[in-house]
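Remember, predicted model here, so these are calculated numbers, not experimental data. Protein chains get the first letters and strands the later ones, always in sequence-line order, with residue 1 at the start of each.
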Number of protein chains: 2
Amino acid sequence: MESRCENCIVRQFNSLRAMSKEELKKVSDSKVTKTIKKGEPLFQEGEKLNGVFCVRNGVSKLSKLSANGKDQIVKLASKGEVIGQRSVIAEESTNLSAVAVNDMEVCFIPKESINHTLQKNPNFTLEVLRHMAHDLKEADDVIVNISQKTVKQRIAEAFLYLKNNFGEDKDGFLALTLSREDISNVVGTATESAIRIISEFKKKGYLHTSGKKIAIKDERKLKEIVEGF
Amino acid sequence: MESRCENCIVRQFNSLRAMSKEELKKVSDSKVTKTIKKGEPLFQEGEKLNGVFCVRNGVSKLSKLSANGKDQIVKLASKGEVIGQRSVIAEESTNLSAVAVNDMEVCFIPKESINHTLQKNPNFTLEVLRHMAHDLKEADDVIVNISQKTVKQRIAEAFLYLKNNFGEDKDGFLALTLSREDISNVVGTATESAIRIISEFKKKGYLHTSGKKIAIKDERKLKEIVEGF
DNA sequence: AAATATACCTGATAAAAGTCATATTTTTAG
DNA sequence: CTAAAAATATGACTTTTATCAGGTATATTT
């Protein structure tokens with residue numbers, strides 16, 4: 001519980017690794033470790049954030065509510081990722097909500113502990129910038145995918161993404177289990193449409209399910225679908 | 001032609017304002033001013049960029065080619081905006097193509113002139129970071145819009161966007177004239193669908209056209225459409 | 001000014017995706 | 001363990017959007 005950032009493995013994956021010892025000590029002293037249960041929010045769209053969240057365990061969905069009441073999931077953040085940076089940096093309220101997809105352990109880092117480093121340590125700022133540049137590229141890709149691919153293609157792609165980014169358990173099921181509704185919100189479609197296509201994939205033998213858990217049985221075929229046959 | 005960055009008004013709008021006098025002098029000495037004619041590319045998706053482009057005049061469309069051969073326009077960059085930053089910062093080839101929508105005047109700034117400042121002047125880096133944070137937020141909004149709104153809503157929104165960001169000429173026509181194909185590529189739809197909806201808007205008296213030029217006649221109504229009646 | 005190309009427009013049709021209604025299964029809570 | 005709730009599933013139908021095919025108008029070039 002009271003572990004130090006200096007020893008946190010998770011730090012290897014994010015911009016905190018560009019901090020000096022003293023800077024990191026300050027972060028470590030001010031951080032608060034929190035446990036968030038599946039389904040609970042880290043924060044809601046429109047809130048002002050007083051800091052960022054560093055994910056130690058679990059996965060959070062970052063989503064935005066549309067006018068018609070549907071959530072669009074924009075990103076799934078897992079171990080090592082820092083959530084809320086954009087809002088803290090731009091000094092704006094968040095444009096996204098963050099909700100735990102499974103039980104999470106996160107460290108809350110007050111923005112004061114970061115702002116100083118952001119203004120004084122260009123290595124750190126540059127590192128944060130690189131991460132954001134990466135996020136922006138991914139967002140561009142999502143835009144193109146959503147507007148140019150069919151729902152079937154996007155769903156096939158979503159499963160490949162889940163496998164590549166979160167892996168599989170010992171039985172071959174996707175390690176990250178999303179509800180059909182979450183899948184439809186990632187893909188940007190109606191829940192019924194997502195369910196229908198998943199059923200079709202099952203019938204055709206590309207997927208296999210057990211309760212909520214889903215396993216990819218024919219990865220090659222899913223890839224072909226993504227490419228458009 | 002040989003004007004100095006120090007005196008360039010455009011600089012007020014972008015991150016270059018956070019540079020020191022000496023840094024700015026270096027940029028000014030190494031920059032190359034270029035004229036790009038309507039339809040000509042600044043760079044193509046996949047290219048390695050040796051620097052960034054600062055827009056002095058005109059508008060560039062930033063787009064990404066999808067598997068089915070259609071372009072998706074991700075951003076329209078105009079006076080004061082810096083193009084290519086993402087790629088230079090991440091040290092990757094560009095994920096987007098940039099093509100002039102009308103005649104442009106841009107300054108090419110070699111990456112060497114920027115990288116040093118990026119590593120040494122945290123104010124500058126932070127300023128770039130803030131701009132990128134803003135771009136990322138906009139990208140998130142585009143994702144939600146494309147996935148949750150109908151083509152009709154998105155087209156109505158596109159015209160409001162064009163008015164707000166590029167203004168109108170003395171006759172009330174949108175100052176930035178886009179082809180129907182470009183409009184469809186902004187909105188993420190088939191060209192015929194865009195044309196059809198524009199025709200409908202004309203018939204209903206929301207828009208008025210003269211050649212390629214388009215004027216908004218009933219802004220309130222367009223706003224209502226965006227909101228979903 | 002004629003010839004060519006390009007952009008714009010429209011109708012007919014097909015395909016894709018959304019909506020509504022209603023089962024059925026799975027999960028959760030008592 | 002059982003009842004209730006939530007999630008998943010599927011059918012029937014509607015709406016939205018894409019595609020194809022053929023026009024007309026508008027630029028551009030010669």
(request) Check DNA chain C against residues 191-209 of chain B and give the residues with a non-hydrogen atom under 4.0 Å, in numerical order. (result) B:E192, B:I195, B:R196, B:S199, B:K202

(request) Round to the nearest Å and state the distance from A:E181 atom CD to C:dG18 atom P. (result) 14 Å

(request) Send over the distance from B:N68 CG to C:dA16 P, rounded to a whole Å. (result) 13 Å

(request) Write out all pairs satisfying salt bridge (charged side-chain N to carboxylate O under 4.0 Å, His left out) with one or both partners inside residues 171-188 of chain B, taking only residues at least two apart or from two chains. (result) B:K61-B:D182

(message) Counting only side-chain nitrogens and oxygens, does A:K152 get under 4.0 Å of the OP1 or OP2 atom of C:dA16?
(response) no

(request) Please examine the side chains of B:M104 and B:T35, heavy atoms only from C-beta on, and report whether any two atoms are closer than 4.5 Å. (result) no

(message) In this structure, how many angstroms lie between the C1' atom of C:dC8 and the NZ atom of B:K213, rounded?
(response) 17 Å

(request) State, yes or no, whether a side-chain contact exists between B:K75 and B:E81 at a heavy-atom distance under 4.5 Å. (result) yes

(request) Answer yes if the side chains of B:Q72 and A:S147 hold a donor-acceptor pair under 3.5 Å, and no otherwise. (result) yes

(request) Could I get the full list of side chain to side chain contact (heavy atoms under 4.5 Å, CB included) partners for A:A158, not counting sequence neighbours? (result) A:V187

(request) Please figure out whether A:S210 or A:G188 has its closest DNA chain C nucleotide nearer the 5' end. (result) A:G188

(request) For A:Q148 and C:dA16, give me the distance from atom CD to atom P, rounded to whole Å. (result) 15 Å

(request) Cation-pi check, B:K34 to B:F108: give yes when NZ or CZ is under 6.0 Å from the six-membered ring centre and within 45° of the ring axis, no otherwise. (result) yes

(request) Shoot me the first and last contacting nucleotide of DNA chain D against chain A, ordered 5' to 3', at under 4.0 angstrom to non-hydrogen atoms. (result) D:dA7 to D:dA12

(request) Flag the pair B:L174 / B:F159 as yes when at least one side-chain heavy-atom distance between them is below 4.5 Å, and no otherwise. (result) yes

Quick one: which protein N/O atoms are closer than 3.5 Å to N/O atoms of nucleotides 4-6 of chain C? Pair and distance per line, please.
none

(request) Could you say whether A:K149 or A:G211 is positioned toward the 5' end of DNA chain C, judged by the nucleotide with the nearest heavy atom to each? (result) A:K149

(request) Any chance you could lay out the side-chain contact (heavy atoms from CB on, under 4.5 Å) test for A:R220 and A:D218, step after step, and finish with the verdict? (result) CA-CA 6 Å; A:R220 170 188 302 272; A:D218 192 343; 3.8 Å; yes

(message) Is the positively charged end of B:K217 above the ring of B:Y206, judged by distance under 6.0 angstrom from the centroid and angle within 45° of the axis?
(response) no

(request) Start with the C-alpha distance between B:K204 and B:E200, add both sets of side-chain angles, then the distance that settles side-chain contact (heavy atoms from CB on, under 4.5 Å), and finish with yes or no. (result) CA-CA 6 Å; B:K204 290 188 175 163; B:E200 183 193 330; 2.9 Å; yes

(message) Once side chain to side chain contact (heavy atoms under 4.5 Å, CB included) is applied, do any residues pair with A:E157, and if so which ones, sequence neighbours excluded?
(response) A:N145, A:K149, A:V226

(message) Nearest whole Å is fine: how far is C:dG18 P from B:Q153 CD?
(response) 14 Å

(message) If I take atom CD1 in residue A:I155 and atom P in nucleotide C:dG18, what distance separates them, rounded to the nearest angstrom?
(response) 9 Å

